[in-house]
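The structure appears right after this line, and notes come after that.
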Amino acid sequence: MAKVVVKDLHKSYGDNEVLKGLNLEVEDNEVVCMIGPSGSGKSTFLRCLNDLELPTQGQVIISGYDLSDKGTNINLVRENIGMVFQHFNLFPHLSVLQNITLAPVQLKKASKAEAEKTARHLLDVVGLADKVDAMPKSLSGGQKQRVAIARALAMNPKIMLFDEPTSALDPEMVGDVLDVMKRLAADGMTMIVVTHEMGFAKEVADRVVFMADGLIQESGKPDDVFDHPKSPRLQDFLNKVINV
Amino acid sequence: MKKWQVAVVMVLAALGSWFSLGATAHAQTYTIATDTTFAPFEFQAKGGKYKGIDIDILNAIAKKENINYKLKAISFGAAVQQLSANQVDGVIAGMNVTPERQKTFDFSKAYYTSGVVMAVAKDSKVKTFKDLKGKTVALKTGTAGATYAKSIESKYGFKIKYFNESNNMYNDVKVGNSAACFEDYPVMSYGIKNGIALKIVSKQYDAGDYGFAVKKGKNAELLKKFNAGLAAIKADGTYKKIIDKYLHSSEASLTGETASSRTFIGLFTQNIGTIGNGLWMTLELTVISIILATVMGVILGVLGVMPGKLGPAISSTIIYIFRGMPLMVLAFFIYIGFPDLIGHGFKIPAFIAGMITLMLNEGAYTGAFVKGGFKAVDDGQMEAARSLGLPYWTAMRKVIMPQGIRIMIPSFINQFIITLKDTSILSVIGIVELTQTGTLIIARNFEGFKIWLMIAIIYLILITLLTWLSNWVQRRMN
Ligand SMILES: Nc1ncnc2c1ncn2[C@@H]1O[C@H](COP(=O)(O)OP(=O)(O)OP(=O)(O)O)[C@@H](O)[C@H]1O
Ligand SMILES: [Mg+2]
């Protein structure tokens, strides 16, 4: 079975139906990029994958665990899905090192010493070895986001979700964060990335999914989606994005 | 165990021991309530001991009849309420025997007979009741003077203002806010002899008997012994000695004060023991209440932000009830109303009642700002914590609470200061804390300005220390 299976996913806020029956399968090691206009439900979809939002209808199955099943321990599933947010959401009262070690230590995944060792290694990977003891507020946006990625990786997840990880960053910071993500992809991480970085999608994605109006309108290989868009919605969207 | 856990256990243990004390204290020993400021019948002498005609008569009778008793000095109103609520066994407080009171209480034979007089400021032009038209008259709640003045209120067309303490009533007349007050003759003439700047301008009206009271149908044994003892001390001359001692000597000779002790410093050194006790009581109440209110407030705050509907609903309801109720009403309800409701002679020691009152009231305020502080933490923080796989309570404890509490620190400091000040309201249920200490000292030496200045300075010092301490903690946390 695929790593992530989504079947007929619906989500409404009151009368407002945001997701209108999505179907998607993501295989092991696959990198899926999601694009689409603002308000189309991309974040909502991503948040349904780790139960931050409760679907109104439909099924989400992660590594074989059905999230709607009462018997599923959602905390265990979440340990296996890392999530990176647009606004980083670092814990401001904790140092960089403590941000990264909090979950592994609390959840007894590792001793404090082991967790710190892993954290230093991950900081090295994201190029922030010298920021171990810094407080989040002293970091730039790009540095914060790379710490956030390291924090998610510290739980050794099998899947990583990214919700517009670079859209709150100054342009010169974007590259550092994308580099880290490219490396992750190259190492075989299963990733679902909501992004407006078309260049990144073209280069890294195995598949690009276009969402609009709460539905997946079109999906396929990057070249097909970007160079031969079929639906007028996608053509329209790409025109706007590329002309900006 | 962590430090805070040790602290909680200690507080609980202390609570437990107080409760058990309250439960075991009543066996053979009677609790007799008296007023705090009704010289020459009762007043506090230097060092905090109570003296006066009532006190000495009770003591002499108790000796004759082998009565074990514990004296409890509270305001007259509270004494009467507590007697009817079975919180005390008897009251001796210069209480007039009236038909009204005889419905609820059984009285002893009269141990003293006195009438009501009108007193005015020394330089006042008021000479007769007719001069009171349109003016305000100061009365002390529940006294014979109050009853008499009320009965002639419409006839002479004056307005009435009530006080709980004699001394505040005298002062109101002295400074001219009220034109006159009505008071029992011995009380008034004793006060004037001891420096109250008032004069008596009427003869005695409505002469009435003072009696010792028990709740109707209860403590018949105690009443019988009192009557027998009264007869005995009248027969052997003790009674006359007591009356003479108080009505024909100046207060200073009774309280042991000298003229030189009337300076600010003199008054302070004279009363340092009493003030120290009051201060200690205030500190004890403040510290324990702050701890309990903080625990309660944090629980309410956490309930208030819990997912689901039940937690927030419980939290809001409790905050709504206890924040909305005036502290004094809550204190009376817990101390007098609640035992009344339970019945079976259930009693709550005043200290415990005061602590519960403060805990509920300050806890509700704390709960409200704790809830607000947790809500002020960005939603993304909880989401990030949860997406890492942290369970709700771990996320709350490790991520939301530390940030929320930082936001709340100024509110906590503010609330601590309010708690300290609010302890003064608990004097209404007879807790002798700093404010009540001031009232008691003034009742005996009439040095209102100097003593209140002293008390005010002590409060300011306490609040300054508390603020420093809080700021220090705040700096440590950041
Ligand atoms: N908690 C919520 N309550 C009510 N409506 C919501 C909530 N969260 C999202 N929505 C609505 O759902 C719709 C989809 O929002 P979502 O954030 O998923 O869009 P998006 O595709 O991520 O947009 P963007 O590119 O701007 O981030 C929007 O109309 C939004 O107003
Ligand atoms: Mg979004």
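We name chains A, B, ... by the order of the sequence lines, and we start the count at 1 in each one.
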Measure [X] against the heavy atoms of chain B and call it side chain, backbone, both or neither at under 4.5 Å.
X: A:F91; result: both
X: A:L52; result: side chain
X: A:L161; result: neither
X: A:R151; result: both

Return yes when atom NZ of B:K421 has more than 12 non-hydrogen atoms of other residues, nucleotides or ligands closer than 6.0 Å, and no otherwise.
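12 or below, so no.
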
Is the backbone of [Y] close enough, under 3.5 Å, to the side chain of [X] for a donor and an acceptor to pair up by distance?
X: A:Q98; Y: A:S95; result: yes
X: A:Q145; Y: A:F85; result: yes
X: A:T118; Y: A:A154; result: no

How many angstroms lie between atom CG of B:N361 and atom OG1 of B:T366, to the nearest 0.5 angstrom?
9.0 Å

Just how far is it from atom CG of B:L360 to atom CD1 of B:I334, taken to the nearest 0.5 Å?
5.0 Å

Part of B:A385 lying under 4.5 Å from any heavy atom of chain A:
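When you check distances to chain A, atoms from both the backbone and side chain of B:A385 fall under 4.5 Å.
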
Given a strict heavy-atom distance threshold of 4.5 Å, which part of B:T394 is in contact with chain A: side chain, backbone, both, or neither?
side chain

Let's test your reading of the structure: which of A:M83, A:Q106, A:E79 forms the most heavy-atom pairs below 4.5 Å with chain B?
A:Q106

Using a 4.5 angstrom heavy-atom cutoff, name the option from A:L107, A:I74, A:D51, A:V84 with the most pairs to chain B.
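Most pairs with chain B among the choices: A:L107.
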
